Amino acid sequence: MAKSIVSAVLEKLSSLLMIPGEIKHNFELALALEEEIGKVIAHFQDIQSVLQDAESKQVKDANVRNWLKKLKDVAYDVDDVVDEWNSEKLKSQIDKEQKGARNFPLLKKMRNSISSFTFQTILYYKIASKLSGVNEQLDSIATEKDRYKFGLEKVVEEPRRLITASFIDDEEVYGRCQETEILVNMLVGNNSSGGGLKLPVISIVGMGGIGKTTLAQLVYNHSDVECHFGKRIWICVSDPFDEIRIAKEILEAFKGESSNLVGKDNILQEIRSHVSGKKVLLVLDDVWSEDATRWEQLKTSLKHCSPGSRILITTRNEKVAIIMGTTSSNLFLLNTLSLEECWSLLSRRAYYGRTREESENLDDIGWKIADKCQGLPLAVKILGGLLRFKRTREQWQNVLDSEMWDFEEAEQDLFPPLFLSYYELPLALKQCISYCAVFPKGMILRKNELIKLWMAQDYLKGVRCEEMEIVGEEYFDELHMRSFFQDFGGDELDSGIMKYKMHDLIHDFLLVLMKTECVMLVNHDSEELKVDLSCERARYGTLFRKEAAPTESNIFRFRKLRSLLIDSSYHDTSSLRLYLPRLFDQLTCLRTLNLSNGLFRNSIEELPDEIGKLVHLRYLNLKNNKKLKELPESLCGLCNLQTLNLKWCDSLKELPCGIGKIINLRHLENDQTNLSLMAIPRGIGRLTNLQTLSLFVVMGNSDASTLGDLQNLIHLRGLLKISGLGAVCDVTEAKKAELENKKGLRTLIFDFTISKGLMSNRWQRDDGRLLEALRPPPCLEELEIWCYSSPTISANWMMGLTKLSRVSLGYCLHLKSLPPLGKLPSLESLYIGGMSRVEKVSVEFLGVEREEILAPSSSLESPSSSVIAFPSLKHLEFEFFDLEEWEDWMPLTSREEHISIMPRLCSLTINSCPKLKALPCYVLHNTSLKQLNISQSPILSERCRKETGEDWLKISHIPSIMIDGVCIQVNCSSVEEFGVLQFQPLHSSSLSSKNFLKAFSQN
């Protein structure tokens, strides 16, 4: 981590060697600045050459850890000074542009210029003074460095790596029976053809200490494997990947003696002659190298063995497995042990030499200690060996209550394998994974949010001028492939966003690395926070508020914090209001601040003006502060701010007028503020770096933004909701928005309500022309249209959206007919609701042209060439037609029966359609339909009644059927696959029926 920080600071310092022109005339000041910057650079360059050796020694040497701590403290301080300098220059530039745009009198312009010059001169004197102090500290650090006799980078001692062999004692292994069986079958089973590959490569992938080598040994020594292969060879590869050594060891395995051959080609030729015609299993244990060229020639020489030969590798990195030639079907991701398997392994080691009575007395604590190991065999073995010498319950309880890093055994045996994985990371990835120590153990991580936090700490520097978010995705995926993150499933209620976790022991290891930089604070029992003085210069902090009464006064001692995450899972944020002014006033180094509220209604109601003092701030999370009504104008002085999260701040009435000054803002997340937010300020169009703008509110007001202000926001991506479209009178403004040029947008929501209400008859509106002008990008995947007032939807662009997979049409109260959505080739989910004037759903809805209907009558076309309507549709939902006119869902006529309709339909929901007479035959007879839900539709409910309903025999093939909230037919497998017992609305709209009624009441 120290090397990463120093490298980043050196890069920034180099850019400062160009002394600003406005102070060059002040020779003394310019010389002082240049001299101090040069000294800092020289110190860091000298120290940088030994940092790799220092970081490898810190795991076992506390003195080295302390030296690195001092170095990192100074590096962080320098980084803050540089950032302060750049921030002030940026603010000065913004002010100049704004003042230049105004017509001030000449005298006032001169005063402003003199004031600005004086301020900048004072600033540069302060910076020169700070750098002078830094150089004094670096003098001391450089002197201390010489005591440790660190090796230069080129001769640094590599971390010790274990050399493995193929032998194993089966009796010492618990679990892995199923995994062994699967892998043996992949090697020797009938289905182990290798997918047509000449020499298939099978890879066991998993984090350090999870048991990859042990599993490979079990498989290697399995009787079926011994019988199947004529020759088995075990090579411990480790790092670096020495292809000559590996080739010689393979040759020795065949000849039974050392080879005297020299030259790579001679050795490979000899290997080729030995493997020819033989069925070989080659195990390459502990592979690290990502250099494919080192492996390709060796693999080529092995391809002359007989069919059925295999290569089995173990690695911590999925990327390595792919580079070695592993296909997805041959990739074996090794999971942790079960709790029962952990207990079996732990008890065997810990209970050695104890009586049965002694053992039973410790069982209850032992199970908890086994659970503490989180399924990692290496941790179980180490703790088992430690417990063997602990005789009393009190000693066992102490082990349970202690953190893993408190044990000398963990430092000597458990953390070194984890350090190997860390040691192999590039500098940028070391920074990213180290930051994750700030999260509570076991916390669920969301990829996009983590990337924004990394970005706020300035970790995401692309080498090809890439977007920081793209670099962040690459970094996250790399760490995921190296087993630092584990999949934790997707979240359907959160747009299917994948969730991840870190293994507890990786988290423990990171806390050891970040021991003095990362601090976890807990307030409880109305006690003051206890502060370790050695951590007062910590840079990353998390505050757990277990008590509602604020007792956080000691947090102000951590003045150097760059990241502060305040956990409000237990209590709302309202009690923080008294502390926020002081917090903003004193913790001025913050780059990340999380003030999000838990699922509480109460919260902070305003942010104090002092937030403008956080000049370094890049990430501000105010999510779920439901009583927050406004943001101070001082927020607009935070020119470095990149992420502002206002999700579910549903009392927020307006954004600050000067928001256009936050020119580095990239993510304005204001979802679920549509019922309170009145408008978007005019300056939004200047935020040309914006990638996320969840909600854009249109209002007929000269002080508010118009649709045309979206024109320059070409980097928008993901979701954009435009509300208040009912107030738009000028269609040319919609054309100016140029939505079709925003290629990153994937979801668009068009809400034709107006401020403080849903529908208005005050103006004659033409929503059809407006919708046509709002042409989206061709790559759009989701579209929602709400409260549209024209009788038809005839936008020419809609049927050209070939990637559109999800559509919602809601509360279009004047719509008389449904658009021909059956033409959309990729449409998978369709929601239609609140159409008060739709009387029938006819063949036009299917999107079938008249020529296509008539064509088969004049020819003998085969069924396979028939027309398909809704070819990809899986989920269809009609609802909220209460007191409406829909009576007929028109069936096909005999001339139309050749049309294939909804061949992939899985679920159908009909809700509150009281006049609907019947479902068409193409729905009733649809064999792909897996779930049917009918509610508040009495005619349909009666026709589908079990056993007695007129249509029962036609729908009885459907596995899961729910009528008026009662499951009349349930198939367990269908429930598991489609969730029939939890019918979820298809629409993702922020305008749910509940909010619809709320909006009406506001009007």
Side-chain angles (χ1 to χ4, degrees), residues 1-5 52 54-62 64-66 68-69 72 158-162 206-212 286 288 316-317 334 336-337 342 369 371-383 385-386 399 402-443 445 450 454 475-476 478-486 500-520 535 538-540 542:
M1 185 72 174
K3 188 174 180 183
S4 308
I5 301 163
Q52 188 168 338
E55 290 197 322
S56 67
K57 289 177 177 175
Q58 68 169 320
V59 178
K60 293 187 177 182
D61 192 329
V64 173
R65 275 202 298 272
N66 187 51
L68 284 171
K69 173 186 174 296
K72 285 186 282 188
E158 290 278 334
R160 184 172 59 88
R161 301 173 187 269
L162 292 176
M207 64 179 286
I210 203 170
K212 302 180 294 297
D286 195 28
W288 292 77
R316 304 182 185 195
N317 191 346
L334 187 57
T336 52
L337 295 175
C342 284
I369 293 174
D371 189 38
K372 182 188 181 88
C373 296
Q374 294 285 297
L376 200 66
L378 180 59
V380 177
K381 290 179 180 178
I382 290 169
L383 285 189
L386 174 67
V399 171
S402 300
E403 295 292 353
M404 191 68 77
W405 61 77
D406 291 333
F407 306 122
E408 186 180 342
E409 290 82 357
E411 187 173 311
Q412 291 178 348
D413 300 320
L414 179 58
F415 288 157
L418 298 178
F419 181 75
L420 281 176
S421 295
Y422 175 83
Y423 179 83
E424 289 292 325
L425 292 175
L427 290 178
L429 295 189
K430 284 179 180 175
Q431 283 186 306
C432 290
I433 195 61
S434 296
Y435 179 81
C436 294
V438 78
F439 301 121
K441 188 180 290 188
M443 180 176 171
L445 305 173
L450 184 55
W454 288 342
Y475 286 2
F476 184 95
E478 180 79 16
L479 289 167
H480 181 243
M481 293 182 82
R482 290 173 181 260
S483 307
F484 282 95
F485 296 121
Q486 303 169 335
Y500 302 87
K501 285 183 72 175
M502 279 193 306
H503 193 282
D504 282 359
L505 288 173
I506 289 182
H507 186 267
D508 289 344
F509 168 71
L510 294 177
L511 282 175
V512 171
L513 285 182
M514 301 285 286
K515 193 169 184 179
T516 57
E517 293 174 68
C518 184
V519 61
M520 300 282 181
C535 296
R539 307 290 167 160
Y540 310 97
T542 302

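The shown structure was predicted, so the numbers you read here are calculated from the model rather than taken from an experiment.
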Participant: Could you pull out the closest heavy-atom pair between C373 and V380, with the gap in Å?
Facilitator: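 Heavy-atom minimum between the residues: CB-CG2, 3.6 Å.
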Participant: With a 3.5 Å distance limit and no angle check, can you tell me whether K3 reaches the backbone of Q52 through a side-chain donor-acceptor pair?
Facilitator: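 Absent.
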Participant: Just by distance, do the side chain of H503 and the backbone of G375 share a donor-acceptor pair under 3.5 Å?
Facilitator: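 No.
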Participant: Grab the two heavy atoms, one from A2 and one from L68, that are nearest each other, plus how far apart they are.
Facilitator: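 Closest pair (atom of A2, atom of L68, distance): CB-CD2, 3.8 Å.
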Participant: Given the rule in the side-chain contact (heavy atoms from CB on, under 4.5 Å) test, do F484 and M502 qualify, once you have shown the distances and angles that lead to the verdict?
Facilitator: CA-CA 6 Å; F484 282 95; M502 279 193 306; 5.8 Å; no
Participant: Assess whether side-chain contact (heavy atoms from CB on, under 4.5 Å) is satisfied between L420 and R316, documenting all intermediate values.
Facilitator: CA-CA 10 Å; L420 281 176; R316 304 182 185 195; 4.1 Å; yes
Participant: Strictly by modelled atom types, are E55 and Y423 linked by a side-chain donor-acceptor pair under 3.5 Å?
Facilitator: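 Result is no, nothing qualifies.
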Participant: Mind checking the OG-CG spacing from S421 to L479? Nearest 0.5 Å is all I need.
Facilitator: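 It comes to 11.0 Å.
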Participant: Using the side-chain contact (heavy atoms from CB on, under 4.5 Å) rule, take D504 and K372 through it: C-alpha gap first, then chi angles, then the decisive distance, then the call.
Facilitator: CA-CA 9 Å; D504 282 359; K372 182 188 181 88; over 6 Å; no
Participant: Shortest non-hydrogen contact from C518 to A437?
Facilitator: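 Reported closest heavy-atom pair: SG-O, 3.6 Å.
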Participant: Roughly how far apart are L445 CG and C436 SG, rounded to 0.5 Å?
Facilitator: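 Here the rounded value is 6.0 Å.
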Participant: Is there a donor-acceptor contact under 3.5 Å from the side chain of K69 to the main chain of E517?
Facilitator: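 Absent.
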Participant: Nearest heavy-atom pair of C432 and W454: which atoms, and what distance?
Facilitator: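 Reported closest heavy-atom pair: O-NE1, 3.0 Å.
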Participant: Show, in sequence, the C-alpha distance, side-chain angles and deciding distance for E424 and R482, and conclude whether the side-chain contact (heavy atoms from CB on, under 4.5 Å) test is met.
Facilitator: CA-CA 10 Å; E424 289 292 325; R482 290 173 181 260; 4.1 Å; yes
Participant: In Å and rounded to the nearest 0.5 Å, what is the CG to CG distance from L376 to L418?
Facilitator: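 Rounded to the nearest 0.5 Å, the CG-CG separation comes out at 7.0 Å.
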Participant: Calculate, to the nearest 0.5 Å, the distance between atoms CD1 and CE belonging to I433 and M514 respectively.
Facilitator: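 Rounded to the nearest 0.5 Å, the CD1-CE separation comes out at 11.0 Å.
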Participant: Is D508 salt-bridged to K441, going by a charged N under 4.0 Å from an acidic O?
Facilitator: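 K441 and D508: salt-bridged.
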Participant: What's the spacing between Y500 OH and F476 CZ if we round to 0.5 Å?
Facilitator: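 If I round to the nearest 0.5 Å, the distance is 5.0 Å.
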Participant: So, T542 side chain and F439 main chain: donor-acceptor pair closer than 3.5 Å or not?
Facilitator: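 No; zero donor-acceptor contacts below 3.5 Å.
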Participant: Could you label the plane-to-plane angle of the F419 and F509 rings as parallel, tilted or perpendicular, counting under 30° as parallel and over 60° as perpendicular?
Facilitator: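 The rings of F419 and F509 stand perpendicular, inter-plane angle above 60°.
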Participant: Once you round to the nearest 0.5 Å, how far does CG of L511 lie from CG of L505?
Facilitator: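 CG of L505 is found 11.5 Å from CG of L511.
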